[in-house]
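Accompanying notes for the structure given below.
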Amino acid sequence: MTVTHKLVGGSMQMVACQLAQGQSVFCEPGKFLWKTTNVDVRTTLGAPSGNPGGGPTTASSLLGLAKNVGKRMIAGESLAVQVYSAQQQPGLVAFAGVLPGQVRALELDGSTQWLAQKDAFVAAESTIDFDIAFSGGKTGRWGGEGFILEKLGGTGTAFIAGAGDFVDLNPADYGGKIQVDTGCIVAFESSVKYGVERVGGLDMKGVMNMAFGGEGVHLATLEGDGRVIIQSMTTAGIAQALMKNVGPDEDRKGFTGGLFSGSMD
């Protein structure tokens, strides 16, 4: 049964999920906001797979748990997930991303998987398979935020979040391939091939683009026919904007002594 939910807010969205009796959703630590008292929470190690925390403990399940925990350690992700379940009666639980921006509900029917940027995952119902995927070779070396991806499969509803506004694209509508800043990708269907390529050649134009273009040396590429979600802001862009405004006031005033930065009272 699909999770009944409502997206709330504009520039800083959250998702409120109404759980039926016995229904569960899971999230990574840090994404939970609030819940009703009849919603139980438990913490489990490793990424869930179809039914987090459920099923008998076997040698195979323990091996799978160790594998998941190992991948999450390498990826720098939290080792635990939190599972929220409605007890005795329906309940409410709300989640949000970690940056100002939007939340999107992905409805999976088992026919395809989604790959999302690191930290994009917010929450999902317990029938969703959640895993970590690594980009190999050149993609791994130069992919920036795209080196570590979160993989969503199975059936049910999953929620992802990103910075700024979302833009929906399909590379097939633009000649089969688009180039994207590595930090702008939120998620894409598994039918889309992800890669990384260098910006320009080693001529003067290429050197100028790499040195002063503000986009780095490489761009992400998305090829094929499938849905792609990109974000209008990047984590690096937000961090750089904030860094310009941190530190003592004296550090920000410069040679003008704040003459042009303060109010004209």
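Computed from heavy atoms alone, side chains included, the values below leave out hydrogens, waters and symmetry copies. Numbering of residues begins at 1 and proceeds along the displayed sequence. All values reported here derive from a predicted model rather than from experimental measurement.
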Just how far is it from atom [atom1] of [X] to atom [atom2] of [Y], taken to the nearest 0.5 Å?
X      : Y      : atom1 : atom2 : result
Asp165 : Met233 : CG    : CE    : 9.5 Å
Gln21  : Leu19  : CD    : CG    : 11.5 Å
Ser191 : Asn170 : OG    : CG    : 7.5 Å
Leu152 : Leu108 : CG    : CG    : 6.5 Å
Gln82  : Arg42  : CD    : CZ    : 11.5 Å
Ile238 : Leu99  : CD1   : CG    : 4.5 Å

Hydrophobic cluster membership, with links at side-chain heavy-atom distances under 4.5 Å among I/L/V/M/F/W/Y: are [X] and [Y] in one?
X      : Y      : result
Met12  : Val122 : no
Val8   : Trp34  : yes
Leu149 : Leu222 : yes
Met14  : Leu106 : no

Under 3.5 Å, is there a donor-acceptor pair linking the side chains of Thr157 and Glu107?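 Result is yes, a qualifying pair exists.
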Quick check: closest heavy atoms across [X] and [Y], and the distance to 0.1 Å?
X      : Y      : answer
Gln18  : Gln23  : O-OE1, 4.0 Å
Ile178 : Tyr174 : CG2-CB, 4.0 Å
Phe166 : Gln102 : N-OE1, 2.8 Å
Ala161 : Val186 : O-CG1, 4.1 Å
Ala133 : Leu115 : CB-CD2, 4.2 Å

4.5 Å side-chain heavy-atom contact, [X] and [Y]:
X      : Y      : result
Asp131 : Gln113 : no
Tyr84  : Cys17  : no
Gln117 : Ile185 : no

Over 60° means perpendicular and under 30° means parallel, so classify the ring planes of Tyr194 and Phe188, tilted if in between.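 Rings of Phe188 and Tyr194: parallel, as their planes differ by under 30°.
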With side chain to side chain contact (heavy atoms under 4.5 Å, CB included) as the test, would you mind laying out the steps for Val25 and His5 before giving the verdict? CA-CA 11 Å; Val25 294; His5 64 274; over 6 Å; no
Test Lys31 against Val98 for side chain to side chain contact (heavy atoms under 4.5 Å, CB included), laying out the working first. CA-CA 7 Å; Lys31 306 296 177 67; Val98 296; 3.7 Å; yes
Stepwise, does the side chain to side chain contact (heavy atoms under 4.5 Å, CB included) test hold for Ile229 with Trp114? CA-CA 10 Å; Ile229 302 172; Trp114 279 84; 4.1 Å; yes
Is the ring centre of Phe95 less than 6.0 Å from the ring centre of Phe26?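 Judged by ring-centre distance (under 6.0 Å), Phe95 and Phe26 do not meet the cut-off.
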Side chains of residues 85-94: which donor-acceptor pairs under 3.5 Å do they make with residues two or more places apart or in other chains?
{"from": "Ser85", "atom 1": "OG", "to": "Ser24", "atom 2": "OG", "distance (Å)": "2.6"}

How far apart are the C-alpha atoms of Val228 and Val180, what are their side-chain angles, what is the distance that settles it, and do they pass the side chain to side chain contact (heavy atoms under 4.5 Å, CB included) test? CA-CA 11 Å; Val228 172; Val180 185; 5.9 Å; no
Output all residues satisfying side-chain hydrogen bond (donor to acceptor under 3.5 Å, both in side chains) with Asp40, sequence neighbours left out; order by chain, then residue number.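 By the side-chain hydrogen bond (donor to acceptor under 3.5 Å, both in side chains) rule, Asp40 matches no residue at all.
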